[in-house]
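Residue numbering restarts at 1 for every chain, and letters A, B, ... go by the order of the sequence lines. Computation of the quantities below employed the complete heavy-atom set of this structure, encompassing side-chain atoms and omitting hydrogens, waters and symmetry-equivalent molecules.
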Amino acid sequence: MPISGLVLTLVAAPELRCRALAALSTDPRITLGEQRGDRLALVTETTTLGESRDLAESLIEIDGVALLEVVTVDFSDVDFGEAA
Amino acid sequence: MDRRAFLRDAAMAAATLALSPATAAASSARRGSPYLRVVDGVTWDKAPCRFCGTGCHVQVGVKNGRVVAIAGDANAEVNKGLLCVKGYHVGLALYGKDRLTRPLLRRNGKLEPITWDEALEIVARRVLRDPKGFAIYGSGQWTIPEGYAANKLMKGGLSSNQIDPNARLCMASAVTGYLATYGVDEPAGCYDDLDRCDVLVVWGNNPAEMHPVLFSRVMDRRSRGEKVILIDIGTRRTRTSAFADHVLTFKPNSDLALANGIMHLLLERDAHAKDFVARHCAFRADSSPPTLDGKAITFEEFRRSLAPYTPEHVSQLSGVPAAEIERLASLFSNRDLRITSIWCMGPNQHTSGTAMNTLLHAVHLLSGHFGRPGDAPTSLTGQPSACGTVREVGTLAHALPGGGVVTNAQHRKQAEEIWGVPAGRVSAKPGYHTVELWRRFSTPTERGGDIHTIWVQVTNPAQSLPNVDALVTPSRKLPDKFLIVSDVYPTATTRIADLVLPSALWVEKNGMFGNSERRTQQWFKMVDPPGQARDDAWQLIAVARRLHDKGFAGMRDARGRFLFSVGGEGQPERPIWDWAHYYDVNVDEHLFDEYRRFTRHKHKDLAPYAEYVKARGLRWPVVQQPDGRWRETKFRFSGFDDPYVAKGKEFDFYHSTSKDGRAQIWFRPYAPPPESPDQEYPFWLCTGRVLEHWHTGTLTIRIPQLRRSVPQAYVELNREDARRLGIQNGEIVRLETRRGALDLPAWIDGRGQPPPGSLFVPFFDERLLVNQLTLDAHDPFSKQPDYKKCAARVVRRNKHG
Amino acid sequence: MGDGSEEPRAPRGRLASLFLLAALTVAGVGFLTGASEEGPRGLGYRPARPLDPGAVVTAPAQRDLRTTLWGANAGMYEGAVPALGMITMPAGPPPPRSDQIRQTTSQVRATRRAYNGAPPTIPHAIDQVQAPSCLACHERGMQLAGKTAPVMSHRRFDGCIQCHVPAVPPFPLVETAPVENTFQGLTALARGERAWTGAPPTIPHPTLMREDCNSCHGPGGAFGLRTPHPERASCTQCHAPGALLDQRTTLFPPARDR
């Protein structure tokens with residue numbers, strides 16, 4: 001069960017930013033954390049590494065998200081046969 | 001707490017930590033740095049040293065967002081873990097208390113804080129006033145991407161070539177020397193020569209203080225039991241002389257005669273490298289009118305021209321005993337020995353600088369001491385990226401990136417293609433060289449002073465230019481002249497500027513340097529700049545964007561995109577002109593990978609940015625191998641190493657000016673210097689550096705360990721002269737030339753010992769500015785001024801009352 | 001790179017004084033090498049004389065030459081004669097150890113270098129050109145009149161003054177204004193790790209340019225750093241250096257060919 005710590009950089013436009021935050025808060029796999037300026041900390045929990053990657057990639061696609069940084073990924077439960 | 005909750009909290013803690021700006025900048029900039037080590041809370045990463053052109057790599061230790069320690073990089077080929085005192089203290093350069101942290105505008109004679117927004121607006125308006133009269137004066141301390149951005153802004157954006165660097169003052173003659181000899185700039189050899197040479201000849205150079213790590217690289221061979229003969233040819237005794245087997249002290253300017261004397265003996269003894277010369281060399285002499293390429297002459301003409309340079313005649317001109325000249329010739333006659341020559345400012349800051357540089361190459365070519373490891377004529381640079389940023393990126397008034405020139409239609413076309421700008425955007429008219437640029441800036445507009453604004457970045461011309469009172473000071477009294485200075489500390493130049501922009505320094509930003517041996521080096525931002533200080537490259541891009549937003553057509557490419565657009569096909573444009581987003585992407589990487597495309601046509605191939613992230617620098621040409629690896633080149637033009645030499649050929653000078661694969665051996669006559677001592681001004685005055693201080697001292701003077709060791713400028717004079725004039729050690733004397741006067745303490749038998757009739761003053765001390773005294777006479781080809789010799793006198797001050 | 005500190009004198013011995021006499025002669029010939037005075041009270045060197053504009057430095061009169069000390073290294077050999085009785089080895093009783101002593105020593109060390117690992121500055125006047133004369137005292141180390149000239153911590157290089165510079169301006173240069181710099185260097189308080197109580201600690205600092213442990217930890221080393229067992233000569237047999245600290249790790253790629 002990979003658990004990743006991410007930082008999103010949000011765009012400056014307020015309405016886009018709100019829309020992005022709304023989209024993020026509806027996904028049960030995402031826990032939102034502190035927001036400082038245009039940067040937002042969050043944690044994702046998924047069942048497989050592939051899903052974790054797909055989720056991260058989908059985050060960049062959200063309107064209002066400018067940049068995604070992966071801070072930590074926990075591999076302790078990952079079945080690497082699956083990951084490949 | 002269950003395990004899962006714990007992991008979630010840990011991930012959140014890490015993500016939250018990454019939110020703070022310092023970590024944010026570092027983490028986004030650092031993506032992919034393979035060298036990071038974290039030990040006891042200190043994060044270590046690689047960077048080249050900020051100071052000289054040697055290009056040592058240091059390990060920078062960062063804790064809590066500040067540099068706390070420096071270590072020599074044990075894995076770096078240049079320095080193998082060793083540094084000099086400046087390198088060990090380079091981290092302290094960031095923390096002088098008086099860092100510039102806000103943009104400052106001169107109002108009613110005083111510099112007052114303004115916002116970045118106002119500052120950018122002012123710069124943009126100065127451009128729009130008349131883009132042709134707007135100039136950038138840059139530096140060999142610009143990082144490669146900074147210099148590239150400036151060059152593109154001017155040449156690709158403003159259609160103007162009014163950009164020149166301070167390196168004009170330090171290595172322009174080395175460039176013309178290489179061009180005239182090989183048809184292409186920069187050394188054929190590299191530092192590996194220093195590990196192999198049997199004889200090291202040091203020409204007008206004091207590497208023990210100026211390139212200490214290189215010097216120890218040679219001298220340490222002695223402590224391993226190897227024999228290295230060191231010959232110090234100079235105008236004063238230095239720390240280098242203390243290591244030398246033979247010290248040849250010559251009269252200033254007579255180095256040309258010495259080189260000719262060696263070649264004369266080689267021919268007279270029939271000891272020149274006949275095979276090598278016959279196959280790979282041609283002969284040249286000055287044409288009329290003089291051009292950089294000169295005219296071809298025959299071997300016989302060459303021999304005849306050298307006939308007057310008998311040991312006796314040369315001895316008379318130079319003051320060096322004939323036996324010493326014969327010794328030099330004997331060493332060069334012996335091809336079993338490996339001989340490396342190094343030089344730096346002595347032959348470069350010379351009114352015959354181009355001539356002297358070509359003669360140094362000529363001695364090596366004629367004797368065949370070329371192209372084998374240990375056999376090389378190599379000029380060293382004083383600034384960390386004089387090669388990388390100035391010579392390779394071409395931030396000179398006549399140059400284009402990758403060795404191109406603006407006068408060549410083909411080169412302009414290539415630049416326009418890579419920049420994606422409309423045909424005809426790049427101007428064919430060279431801009432003004434440094435001395436001319438500043439002269440125009442200091443001349444009233446109505447009298448031909450057609451430069452109204454100069455933007456200075458990463459250098460301190462009010463201290464480093466020759467004859468400052470003529471080239472800089474007058475502009476400060478002309479109301480329509482505007483001086484913009486980007487710097488990190490208050491300097492002699494910021495003090496007279498109209499607008500001061502605070503800059504990020506060294507590991508406060510991403511960067512790349514190119515050192516003296518063609519080695520391109522990369523580092524990542526490690527700490528945040530103080531206050532509102534920002535990257536020089538960002539400043540340039542932000543001004544470009546401001547012009548773009550004002551509708552200035554030059555800031556758009558042929559497809560209407562912003563000149564510095566980052567984003568690419570189908571991707572949203574990244575707002576890198578907005579400081580908050582500058583580090584969202586690695587701008588250096590974007591600029592460098594674009595610049596790379598220029599580097600093929602002169603065989604100066606650079607690898608992709610990512611390769612430099614992994615290496616402690618790579619020496620160009622860096623050529624990709626069939627297996628995908630990138631291979632650097634140590635010995636250019638030599639068949640055994642240079643991939644551009646056709647298979648089976650021993651040597652190939654593939655940029656030969658005679659278009660036949662040959663290097664040019666020049667004859668250059670000795671000519672007397674423009675100013676010589678006379679009854680009124682009986683001394684030679686030489687200026688230079690000391691180990692502890694670098695360039696104009698603005699960084700090193702703020703480092704306690706360096707400043708305490710040499711806290712001020714001084715005048716060295718010979719004990720005999722001191723005795724004759726009644727001058728005591730430590731007495732404050734007045735040094736006078738036809739251009740000015742300066743009071744300095746006399747230091748007798750101090751750091752160096754000039755011969756009788758000679759004086760030496762270091763130029764780092766802005767309170768004691770010796771460049772007000774020097775000549776602005778310059779070399780006809782390179783336009784590089786001569787700081788190394790002018791006539792002076794020393795007067796005891798108490799006589800003046 | 002080591003420092004000594006003021007401390008009780010060790011037992012005296014005859015052989016050692018002979019060695020010291022010989023070393024002194026060598027040093028005298030070299031004119032310039034020095035020994036450092038130690039102690040938290042500060043640096044004990046003589047500052048260069050401040051220079052008034054137009055000041056004239058007078059040489060001592062002939063008749064005073066025997067009794068006047070002058071020149072940059074005046075006072076260098078003060079206390080030399082009593083010191084002839086001192087020895088460096090064997091080290092005598094184990095050095096006193098406490099956190100307090102260690103801290104004090106660390107503070108003294110910090111006055112000599114910009115950060116832990118920086119080349120220490122030279123606390124005495126030196127010759128400007130002839131570097132090898134440094135070796136007269138520092139090649140083997142020496143103690144003299146309560147001052148210690150530490151053994152070089154690294155192998156012999158020929159350009160000592162390339163990295164080590166004087167801490168006070170050489171005469172006649174004068175420091176005119178204080179240097180304000182907010183740099184805070186890495187301190188030396190890191191301790192090695194012990195696998196269990198009583199296990200030999202690992203080396204907590206890089207060993208690059210600090211290969212000779214004797215420089216700081218040998219019998220001439222300052223209390224707080226000095227080893228209690230100088231007779232065991234192979235330090236790294238028990239004390240492990242850190243690969244990560246020493247840039248020897250293969251965790252990151254080699255410099256080239258990647």
J.: Would you call C:Ile161 and B:Arg239 a side-chain contact if the rule is heavy atoms closer than 4.5 Å?
T.: yes

J.: Which bit of B:Asp73 is near chain C, if near means a heavy-atom gap under 4.5 Å: side chain, backbone, both or neither?
T.: both

J.: Tell me whether C:Asn181 contacts the main-chain N or O of B:Leu92 through its side chain, where contact means a donor paired with an acceptor under 3.5 Å.
T.: yes

J.: Apply the test side-chain contact (heavy atoms from CB on, under 4.5 Å) to residues C:His164 and B:Val85: give CA-CA distance (whole Å), side-chain angles for both, the deciding distance (0.1 Å), then the verdict.
T.: CA-CA 7 Å; C:His164 302 280; B:Val85 69; over 6 Å; no

J.: Do you know which of C:Pro206, C:Gly242, C:Cys163 has the most heavy-atom pairs under 4.5 Å to chain B?
T.: C:Cys163

J.: Are the side chain of B:Trp44 and the backbone N or O of C:Leu244 linked by a donor-acceptor pair below 3.5 Å?
T.: no

J.: What residues form a side-chain contact (heavy atoms from CB on, under 4.5 Å) with B:Val90, not counting sequence neighbours?
T.: B:Cys49, B:Arg50, B:Phe51, B:Ile70, B:Trp506

J.: Can you find a pair of side-chain heavy atoms, one from C:Pro119 and one from B:Gln705, that are under 4.5 Å apart?
T.: no

J.: Counting neighbours of CZ on B:Arg767 that are heavy atoms of other residues, nucleotides or ligands and sit closer than 6.0 Å, is the number greater than 12?
T.: yes

J.: Between B:Leu94, B:Val213, B:Ile727, which has the largest tally of heavy atom pairs under 4.5 Å with chain C?
T.: B:Val213

J.: More than 12 foreign heavy atoms under 6.0 Å from CD of B:Gln624: is that the case here?
T.: yes

J.: Check whether any side-chain N or O of C:Gln247 sits under 3.5 Å from a backbone N or O of B:Ala74 as a donor-acceptor pair, and report yes or no.
T.: yes

J.: Could you check if a side-chain atom of C:Tyr115 sits within less than 4.5 angstrom of a side-chain atom of B:Val68, using non-hydrogen atoms only?
T.: no

J.: Please answer whether the main-chain N or O of B:Tyr95 pairs with a side-chain N or O of C:Thr182 as donor and acceptor at a distance below 3.5 Å.
T.: yes

J.: B:Val733 versus chain C, heavy atoms under 4.5 Å apart: side chain, backbone, both or neither?
T.: neither

J.: So which of B:His89, B:Arg237, B:Lys86, B:Arg66 has the biggest tally of heavy-atom pairs under 4.5 Å with chain C?
T.: B:Arg66

J.: Highest number of heavy-atom pairs under 4.5 Å with chain C: which of B:Gly87, B:Gly96, B:Gly61?
T.: B:Gly96

J.: Nearest heavy-atom pair of B:Gly72 and C:Leu208: which atoms, and what distance?
T.: O-CD2, 3.4 Å

J.: For the interface with chain C, which of B:Asp220, B:Leu82, B:Leu706 has the highest count of heavy-atom pairs at distances below 4.5 Å?
T.: B:Asp220

J.: Can you tell which part of C:Pro204 gets under 4.5 Å to a heavy atom of chain B, answering side chain, backbone, both or neither?
T.: backbone

J.: Would you say B:Tyr88 and C:Met209 make side-chain contact, with heavy atoms under 4.5 Å?
T.: yes

J.: Counting only non-hydrogen atoms closer than 4.5 Å, does B:Ala69 touch chain C with its backbone (N, CA, C, O), its side chain (CB onward), both, or neither?
T.: both

J.: Given the options B:Asp743, B:Val42, B:Val67, which has more heavy-atom pairs under 4.5 Å with chain C than any of the others?
T.: B:Val67

J.: Got B:Arg221 and C:Asp158 here, is their nearest side-chain heavy-atom distance under 4.5 Å?
T.: no

J.: Decide yes or no for C:Pro172 and B:Tyr714: does some side-chain heavy atom of the first lie under 4.5 Å from some side-chain heavy atom of the second?
T.: no

J.: Quick one: what part of B:Ile748 sits under 4.5 Å from any heavy atom of chain C, side chain, backbone, both or neither?
T.: neither

J.: Is any side-chain heavy atom of B:Ile703 closer than 4.5 Å to a side-chain heavy atom of C:Phe183?
T.: no

J.: Contact between B:Arg708 and C:Pro166 at the side-chain level, heavy atoms closer than 4.5 Å - yes or no?
T.: no

J.: Within the supplied structure, the quantity of interest is the number of heavy atoms (other residues, nucleotides, ligands) at a distance under 6.0 Å from B:Asp40 CG; does it exceed 12?
T.: no

J.: Looking at residues at least two apart in the chain, or sitting in another chain, which of them share a side-chain contact (heavy atoms from CB on, under 4.5 Å) with B:Ala244?
T.: B:Leu230, B:Asp232, B:Val247

J.: Should we count CD of C:Glu193 as having more than 12 external heavy atoms under 6.0 Å?
T.: no

J.: Under the criterion side-chain contact (heavy atoms from CB on, under 4.5 Å), I'd like the reasoning laid out for C:Gln162 against B:Leu83: C-alpha separation, chi angles, the key distance, then a yes or no.
T.: CA-CA 8 Å; C:Gln162 169 180 323; B:Leu83 296 173; over 6 Å; no

J.: Apply salt bridge (charged side-chain N to carboxylate O under 4.0 Å, His left out) to B:Arg707 and C:Glu175, showing your working.
T.: CA-CA 8 Å; B:Arg707 169 138 171 194; C:Glu175 176 67 291; 3.1 Å; yes

J.: Measuring from B:Ser709:OG to C:Leu173:CG, what's the distance to the nearest 0.5 Å?
T.: 8.5 Å

